[in-house]
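Single-structure report; data block below.
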Protein chains: 2
Amino acid sequence: MATRGPRKKTAEKPRYHHGDLRQALLEASLALISEEGFGALSLREVARRAGVTHAAPYRHFADKEALLAAVAEQGFRTMTARMKERMARETTPEGRLGACGVAYVLFAMEHASHFRVMFGPHFTQPLHLGTSDGDADAFGLLVASITECQRAGVVREGEPQVLALTCWSLVHGLASLLVDGKLRGSGISTLAQAEALAGAQTRLLVRGLGRSSGD
Amino acid sequence: MATRGPRKKTAEKPRYHHGDLRQALLEASLALISEEGFGALSLREVARRAGVTHAAPYRHFADKEALLAAVAEQGFRTMTARMKERMARETTPEGRLGACGVAYVLFAMEHASHFRVMFGPHFTQPLHLGTSDGDADAFGLLVASITECQRAGVVREGEPQVLALTCWSLVHGLASLLVDGKLRGSGISTLAQAEALAGAQTRLLVRGLGRSSGD
DNA sequence: CCTACCGATCGGTAGG
DNA sequence: CCTACCGATCGGTAGG
């Protein structure tokens, strides 16, 4: 017994069943925010939900901000992927531009916790935002779409970044209002309603962005 | 001494020097959010800043949500007033519509803490939002402006609420991105820059909202 | 990845 | 409006 105990203690005890505590912590964070709100997010509660003691997360994240940065990065990757998927189904430049915006709004509704972390007032430092990483560069995708529309002659000349910022404002505003529940009084709550609304708003704006004889 | 003590105790002791602890608590809340971020807001710290013990706020607010509701209501009043002021300077319906949106964005920048409380994911109950109070009904003002534009023939037919929601999305998105510091990388930080940007975006959208021969 | 511990803050209430 | 108190949670670290 004396020789068996110590040997087994270090050999047979499985460290973490899932094998990927880091990912488990990210998922626990999202579930927590979605169920209890952002204010309830603490490293201790996240650890609790992931089934480890409150000191374990520090093996993977220096602090709460580092955890949130990882959540945000994952969110930008997913959002960019959704945008690409939806744009790929379209056959015209303006169709792709609209799809880009609709995907943004749908992502926000389907991943509200991700959206809150990505665009909330957290983060003391800029959080590269994916400008260095194509798979997470949602804004770059939008700018490219605008440029494509300009080349096709369906959107006016001008700095694509400035026009893109206008598109971003529109869909970000709608997404924020939806995620924060400000449109419940207007009877908008389902994904399908949000999709229709985002499509209508996007079309109105693209119309304003178009070339006109008088401009 | 035996008769003097008790009498004076209830008569001469000033309760609260400012005379309006309620207002002092609202101001302390805004200062706290603006200096330390929303996450740092606690009733205790608010009380501390107002110079009273942490039990005092409960004389004015049942809990934190009640305090925040009062902050939000004050914010909606101020925002609506700013919109009216700026609209009054315009001479055309479309000018007033644009001014309405620009005022929204400027209010957000100048009163970021108010804006965060007003549109954040707090509040378990709807928070009347001023639909019953004309002095705080910013959305009603926007709808009225849209209606005026329709009557003047500068905005297409259609449910004014739906068109108003599109305008709201645009300015709410720009305001949110600015308040949450997401446009610092784009070099936009001053009030004047925000005003110019809001004006340009609003004009693009109003153009899209206009009547066209093809629609 | 865990146990055990630190100092600190919090919301809320009793009772005056 | 204050004092004194409650139970609970938190971020973070030592040390293994």
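All values reported here derive from a predicted model rather than from experimental measurement. Here is how names work: the chains are called A, B, and so on, in the same order as the sequence lines, proteins then strands, and each is numbered from 1. Heavy atoms only: backbone and side chains are in, while hydrogens, waters and symmetry mates are out.
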Validation row: A:D180, A:F115 side chains within 4.5 angstrom (heavy atoms)
no
Given C:dC10, is OP1 or OP2 found less than 4.0 Å from the side-chain N or O atoms of B:S42?
yes
Can you work out whether A:L43 or A:R59 has the more 5'-proximal nearest nucleotide on DNA chain D?
A:L43
With a 4.5 Å cut-off on side-chain heavy atoms, are B:I146 and B:Q161 touching?
no
Gap between atoms CG and C1', on B:L41 and C:dG11 respectively (whole Å):
13 Å
Taking the minimum atom-to-atom distance to the side chain of A:A55, which one of C:dT3, D:dG12, C:dA14 wins?
C:dT3
Looking just at side-chain N and O atoms, do B:S42 and B:E45 make a donor-acceptor pair shorter than 3.5 Å?
no
Quick check for you: among D:dG11, C:dT3, C:dG11, whose closest atom lies nearest to any side-chain atom of A:T53?
C:dT3
Whether A:E27 and A:R22 form a salt bridge (side-chain N of Lys/Arg under 4.0 Å from carboxylate O of Asp/Glu) is what I want to check.
no
Rounded to the Å, how far apart are A:D63 CG and D:dC10 P?
16 Å
Rounded to whole angstroms, how far apart are CG on A:L32 and C1' on D:dC10?
13 Å
Between the side chains of B:E85 and B:R89, is the shortest nitrogen-to-carboxylate-oxygen separation below 4.0 Å, so that they form an ion pair?
no
Canonical and wobble pairing (Watson-Crick, G-U, under 3.5 Å) of DNA chain C, dot-bracket with |:
||||||||||||||||
Assess whether salt bridge (charged side-chain N to carboxylate O under 4.0 Å, His left out) is satisfied between A:E73 and A:R77, documenting all intermediate values.
CA-CA 6 Å; A:E73 193 204 320; A:R77 280 200 152 65; 2.5 Å; yes
Base D:dG12 to side chain A:H54, donor-acceptor N/O within 3.5 Å cut-off
yes
A:Y58 side-chain N/O to D:dG12 phosphate OP1/OP2 under 4.0 Å:
yes
Specify whether A:Y104 and A:H172 have parallel, tilted or perpendicular ring planes, treating 30° as the upper limit for parallel and 60° as the lower limit for perpendicular.
perpendicular
Separation of D:dT9 atom P from A:E36 atom CD, nearest Å, is 12 Å
A:F61 CZ - D:dT13 C1' separation (whole Å):
19 Å
Of C:dC2, D:dC10, C:dC10, the nucleotide closest to the side chain of B:R44 is C:dC10
Comparing A:H60 with B:A40, nearest DNA chain C nucleotide closer to 5' gives the residue A:H60
OP1, OP2 of D:dC10 versus side-chain N and O of A:R48: anything below 4.0 Å?
yes
